[in-house]
Amino acid sequence: MLQVKKDLLAALAGELDKLSPGAGERAAFETPKVAAHGDYAVTAAMQLAKPLKANPRALGEQLKAALEATAPFQQWVDAVEIAGPGFLNLRLKPAAKQQIVREVLAQGDHFGYQADRGENVLVEFVSANPTGPLHVGHGRQAAIGDAISNLYSTQGWKVHREFYYNDAGVQIDTLTKSTQLRAKGFKPGDECWPTDAENPLAKNFYNGDYIAEIAQAFLNKETVKADDREFTANGDVEDYDNIRNFAVAYLRNEQDKDLQAFNLKFDEYYLESSLYTNGYVEDTVKRLIDSGYTYEQDGALWLKSTEFGDDKDRVMRKSDGNYTYFLPDVAYHIQKFKRGYGKVVNIQGTDHHGTIARVRAGLQAANVGIPQGYPDYVLHTMVRVVRNGEEVKISKRAGSYVTLRDLIEWTSKDAVRFFLLSRKPDTEYTFDVDLAVAQNNDNPVYYVQYAHARICSVLRAWQESGAAAAALQGVDLSALQGPQAQALMQLLAKYPEMLTAAADGNAPHDVTFYLRDLAASYHSYYDAERILVDDEPVKLARLALVAATAQVLRNGLAVLGVGAPERM
């Protein structure tokens, strides 16, 4: 059906060019708002009426007659109807809709993919500080970032997944001090370990049990691996640097385990510390000063970010000589651009909203050729977790939040991914643990996966007679005439356009919506027409349709990083 649509669009473009040279470039089909009006709508007559000084209805009649005379319209269109002031509604022949089944079965796992566009995109996500286990918010970010990366892959982009480690700064000192105190035998609640929420010093310590685990591993002189490098503790509680290096490596290893449980792999882990050791931060400072967009005030170095749309100027280097977070962020993004990534997407929490304007301002002020609006941002809200009807706010191990691994252990990797992708990133979301493990139609991931498993069961029953799935590609599909079959094929045909729109809008939630609609359409078809009937041509046609449906369900779930079980 995709080829059918291309042929029909080409015919429409040709006739529009005859009416007005160049108009064919804007040839397009729209989806009628009311399904009963047809399969495609053409509004070109109304758009051309004014420049051609013609009556839109009369122009529509002229275009209708011209289209009906073309070979593609004669082959694939059952009727062209004119409505209102000049709308053209097209009704496709059943044979046109049936072509989508052949296309899906022929293209298999790559159905919906676009040609290689020869462009690179870097998607940065998770980027958690190496100071604790990954929490549920990181999980939402991981699911969104991985799905967006998969969407770009379907559209011909070469995708680079990157995790940015803030392995420098105050939070690392806090981690080190907390681990050192635990190693010395102190614990939260002791006099040297303030926990009073009203005490400003309380934030200088991490209270979770995982800190005790790190301290014990340090005292045991254990070796941990991070980024293919090993770090061994020497057990000396006074060796601050060794504690620091070991604690960071330990937590990076722990976060790697969280990501493995989520079946997520990154192409690169980029260290903030490397921006300093490689001189990129100092080079960025020099560029910004040379650009004339900086000034000194109260002993601090400021960027005139208001000249680039920010609401106020920003401090780059504080009076004590230390840099603010903003400056290494600018240096990091300059390096992204220099590494050949003309398109960059950052997945971050909504609490990072304020960084967007200042980072973009810094990139423009640096004057290195980076286009305005670089990089793109996708912001997500945090997640509430509800279990047994009550909100779960803390994890004993983490001390103050539910970890990603908790959620996976309570439910499953597939449920966590699908649920966290089932809403727009910037909308509040409540993760219902009980719903995520329920085996009924109220559970969206179960509903979609069950549709796939149900089809696999039908195909297994057919193949028990010795039949091969490959035999379905060339079968006669003319028996697929019923309304449920027609609706199912129409929905299959929308999959590639849905993928393209979801990638363009960084909107993986659209894939979850589509899959739920497709599963519902299949269940409706299954209830309406028995598949394994005695009539062989009818049986094969129906088997081809459900096999194509299973393929698209599988493809869509793969974009989300969710499995497609064959048995449930």
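Taking both residues in full, the closest heavy atoms of Pro425 and Ile144 are given as CB-CD1, 3.8 Å, listed atom of the first, atom of the second, then distance. Considering every non-hydrogen atom in both Phe231 and Ala249, the closest pair reads CD1-CB, 3.4 Å. Minimum heavy-atom separation, Pro508 to Leu151: CA-CD1, 3.9 Å. Between Tyr429 and Thr381, the shortest heavy-atom distance links the atoms N-OG1, 4.3 Å. Minimum interatomic distance between Gly137 and Met382 (heavy atoms only, all atoms of both residues): CA-CE, 3.9 Å. Scanning all heavy atoms of the two residues, the minimum distance from Phe419 to Asp432 falls at CE2-O, 4.1 Å.
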Item to complete: Go through the steps to decide whether Thr403 and Asp258 satisfy the test side chain to side chain contact (heavy atoms under 4.5 Å, CB included), and finish with yes or no.
Response: CA-CA 9 Å; Thr403 69; Asp258 293 337; over 6 Å; no
Discussion item. Tyr377 vs His353, test: ring pair (Phe, Tyr, Trp, His ring centres under 6.0 Å). Steps then yes/no.
Written reply: CA-CA 9 Å; Tyr377 286 88; His353 183 272; 9.1 Å; no
Practice prompt. Take Asp426 and Arg423 through the salt bridge (charged side-chain N to carboxylate O under 4.0 Å, His left out) test and state the conclusion after the steps.
Written response: CA-CA 8 Å; Asp426 59 356; Arg423 296 288 186 276; over 6 Å; no
Practice prompt. Could you please spell out the steps behind the ring pair (Phe, Tyr, Trp, His ring centres under 6.0 Å) verdict for Phe163 and Tyr270?
Written response: CA-CA 6 Å; Phe163 188 126; Tyr270 199 100; over 10 Å; no
Item to complete: Give the intermediate values and the outcome of ring pair (Phe, Tyr, Trp, His ring centres under 6.0 Å) for residues Tyr269 and Tyr164.
Response: CA-CA 6 Å; Tyr269 291 89; Tyr164 178 65; over 10 Å; no
Item to complete: Evaluate the criterion side chain to side chain contact (heavy atoms under 4.5 Å, CB included) for residue pair Leu560 and Thr512; output intermediate values, then yes/no.
Response: CA-CA 8 Å; Leu560 304 178; Thr512 69; 3.7 Å; yes
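Side-chain N or O atoms of Asn555 include none that pairs as donor or acceptor with a backbone N or O of Val552 at under 3.5 Å. Within the 3.5 Å criterion, the main-chain N or O of Ala436 finds no donor-acceptor partner in the side chain of Thr411. A distance-only check finds no donor-acceptor pair linking the side chain of Asn253 to the backbone of Val224 [under 3.5 Å]. At distances below 3.5 Å, not a single donor-acceptor pair connects side-chain atoms of Tyr323 with backbone N or O atoms of Val285. Using a distance-only test at 3.5 Å, with no hydrogens or angles considered, no donor-acceptor pair links the side chain of Asp283 to the main chain of Gly279. Listed for the His138 side chain is a donor-acceptor partner under 3.5 Å among the backbone atoms of His135. Side-chain atoms of Glu391 do not come within 3.5 Å of backbone N or O of Arg384 as any donor-acceptor pair. The backbone N or O of Glu124 lies less than 3.5 Å from no partner atom in the side chain of Asn346, so there is not a single donor-acceptor pair. The backbone N or O of Thr306 sits less than 3.5 Å from a side-chain atom of Asp313, completing a donor-acceptor pair. In this structure a side-chain-to-backbone donor-acceptor pair under 3.5 Å is missing from Gln141 to His380.
Look at Lys257 and Glu254 and you find a salt bridge, because one of the NZ, NE, NH1 or NH2 atoms lies within 4.0 Å of a carboxylate O, short of that distance. Remark: Glu282 does not engage Arg287 in a salt bridge, criterion side-chain N to carboxylate O under 4.0 Å. A salt bridge is absent between Glu566 and Arg454; no separation between the charged side-chain nitrogens and carboxylate oxygens falls under 4.0 Å.
Shown here is Phe111, whose CZ atom has more than 12 heavy atoms of other residues, nucleotides or ligands within 6.0 Å. By the neighbour-count criterion of 12 heavy atoms within 6.0 Å, atom CZ of Arg26 is sparsely surrounded, having that number or fewer from other residues, nucleotides or ligands. Atom NZ of Lys304 sits in a crowded spot, with more than 12 heavy atoms from other residues, nucleotides or ligands closer than 6.0 Å.
Taking the ring axis of Phe262 as reference, the NZ or CZ atom of Arg417 stays within 45° of it and closer than 6.0 Å to the ring centre. A cation-pi contact links Arg252 to Tyr165, judged by a cut-off of 6.0 Å to the six-membered ring centre and 45° from its axis.
For the 3.5 Å distance criterion, the side chains of Gln260 and Asp256 fail to qualify, holding no donor opposite an acceptor. There is a side-chain donor-acceptor pair under 3.5 Å between Tyr152 and Asn506. Side chains of Gln155 and Asp504: no donor on one and acceptor on the other come within 3.5 Å. Between the side chains of Asp39 and Gln490, at least one donor N or O sits under 3.5 Å from an acceptor N or O. Side-chain atoms of His333 and Gln335 include no donor-acceptor pair closer than 3.5 Å.
In this view, Arg161 and Phe125, Asp146, Ser149, Asn150, Val159, Phe266, Asp267 satisfy the side-chain contact (heavy atoms from CB on, under 4.5 Å) rule, not counting sequence neighbours. Listed by chain and number, the residues in a side-chain contact (heavy atoms from CB on, under 4.5 Å) with Arg102 are Gln99, Leu477 (sequence neighbours excluded).
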Distance-only donor-acceptor pairs under 3.5 Å for side chains of residues 361-376, two or more places apart:
from	atom 1	to	atom 2	distance (Å)
Gln364	NE2	Ile370	O	3.0
Gln364	NE2	Pro371	O	3.3
Tyr374	OH	Phe337	N	3.4
Tyr374	OH	Tyr341	O	2.8
Asp376	OD2	Lys343	NZ	2.8

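Counting heavy atoms from C-beta outward, Leu518 and Val448 have side chains that stay 4.5 Å or more apart. Tyr210 places a side-chain heavy atom less than 4.5 Å from the side chain of Leu251.
The side chain to side chain contact (heavy atoms under 4.5 Å, CB included) with Gln484 is formed by just one residue from the set Tyr522, Tyr525, Tyr526; it is Tyr525.
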